[in-house]
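Inspection log for the structure reproduced underneath, given as structure tokens.
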Amino acid sequence: MNCLFCSIIEKKIPADIVYEDEDVIAFKDIAPRAPLHLLIIPKLHVSTLNDLEEHHANLAGKLLLIAQKLAKQLGHAEEGYRVVMNCNQGAGQTVFHIHLHLLAGRLFQWPPG
Ligand code: AMP
Ligand code: ZN
């Protein structure tokens, strides 16, 4: 399987990794849309949110908790931050290994464009 984010997990492709544990890795987005733009991904390959199953529930929850912890650690929790997961092309998904975007450091419009 040829997956960009699996290659980053396997350290075959470099990334600016800010967090790693046995289940999850987080690294800086190569084309940041905000002063802080991290991607938080499971080490398990799951292509899209549509492919997430009941037994992934803990892992999916962990992605959110790591987003919260990183936002706090990096000083963005009080001002606010946004987490986004795009599912499939219509929502803008371009890398088909699920990832949570953590964005902070500027104001975000709501609703999104
Ligand atoms: P999405 O469009 O939701 O699938 O998000 C994919 C994200 O991956 C985009 O924000 C890209 O800028 C980012 N991206 C693509 N290639 C890399 C890479 N090699 N390292 C870090 N981020 C990447
Ligand atoms: Zn993958």
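Note that ligands are numbered from 1 as they come in the structure, with each ligand's atoms numbered from 1 the same way. Side chains included, hydrogens not; waters and symmetry mates left out as well; all remaining heavy atoms used. Along the sequence shown, the residues carry numbers beginning at 1.
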Could you give the side-chain donor-acceptor pairs of residues 60-71 under 3.5 Å, partners two or more places apart or in another chain?
unit_1: K62; atom_1: NZ; unit_2: D21; atom_2: OD2; d: 3.2
unit_1: K62; atom_1: NZ; unit_2: D23; atom_2: OD2; d: 2.8

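In summary, the atoms of ligand 1 found under 4.0 Å from a heavy atom of F5, numbered by their order in the structure, are 8 (O). Residue-ligand proximity, V95 to ligand 1, at heavy-atom distances under 4.0 Å covers atoms 4 (O), 6 (C). Of all atoms in ligand 1, numbered sequentially from 1 with element shown, those under 4.0 Å from a heavy atom of A31 are 12 (O). Below 4.0 Å from some heavy atom of K28 lie the following atoms of ligand 1, by number and element: 21 (C).
Taking only nitrogen or oxygen atoms, main chain and side chain alike, H99 reaches within less than 3.5 Å of ligand 1. For L39, no nitrogen or oxygen atom sits less than 3.5 Å from a nitrogen or oxygen atom of ligand 1, counting backbone and side chain alike.
Within 6.0 Å of CD on E10 lie more than 12 heavy atoms contributed by other residues, nucleotides or ligands. Counting heavy atoms of neighbouring residues, nucleotides and ligands inside a 6.0 Å radius, atom CZ of R33 does not exceed 12 of them. The number of heavy-atom neighbours closer than 6.0 Å to CG of N50, taken from other residues, nucleotides and ligands shown, is above 12.
Considering each of I30, I8, L38, the one bringing a non-hydrogen atom nearest atom 14 (N) of ligand 1 is I30. Here the shortest heavy-atom distance to atom 13 (C) of ligand 1, taken over I13, D29, N86, L100, belongs to D29.
Of the possible donor and acceptor atoms, none in the side chain of Q89 sits under 3.5 Å from a partner among the backbone N and O of T94.
Taking 2.8 Å as the limit, the number of protein N, O or S atoms around the Zn ion (ligand 2) is 4.
Counting protein heavy atoms only, atom 4 (O) of ligand 1 is closest to T94 N, 2.7 Å. With hydrogens left out, the protein atom closest to atom 2 (O) of ligand 1 is G92 O, 2.8 Å, a heavy atom.
At a 4.0 Å heavy-atom cut-off, ligand 1 touches L4 through the side chain alone.
When all heavy atoms of N88 and Q93 are compared, the closest pair comes out as N-OE1, 2.7 Å. When all heavy atoms are compared, the tightest approach of I98 to P42 is O-CD, 3.3 Å. When all heavy atoms of E79 and G105 are compared, the pair lying nearest together is OE2-N, 3.2 Å.
Salt-bridge annotation for K43 and E20: present, with a side-chain N of the basic residue lying under 4.0 Å from a carboxylate O of the acidic one.
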Evaluate the criterion side-chain contact (heavy atoms from CB on, under 4.5 Å) for residue pair V83 and H101; output intermediate values, then yes/no. CA-CA 5 Å; V83 293; H101 295 260; over 6 Å; no
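Listed by first and then second residue, the ring pair (Phe, Tyr, Trp, His ring centres under 6.0 Å) pairs involving residues 9-36 are F5-F27 (not counting sequence neighbours). Legend: ring pair (Phe, Tyr, Trp, His ring centres under 6.0 Å) pairs involving residues 44-90, not counting sequence neighbours, sorted by first then second residue: H45-H97.
Note on ligand 1: A15 sits outside its first shell, no heavy atom being nearer than 4.0 Å. Distances from ligand 1 to the non-hydrogen atoms of R33 include no value under 4.0 Å.
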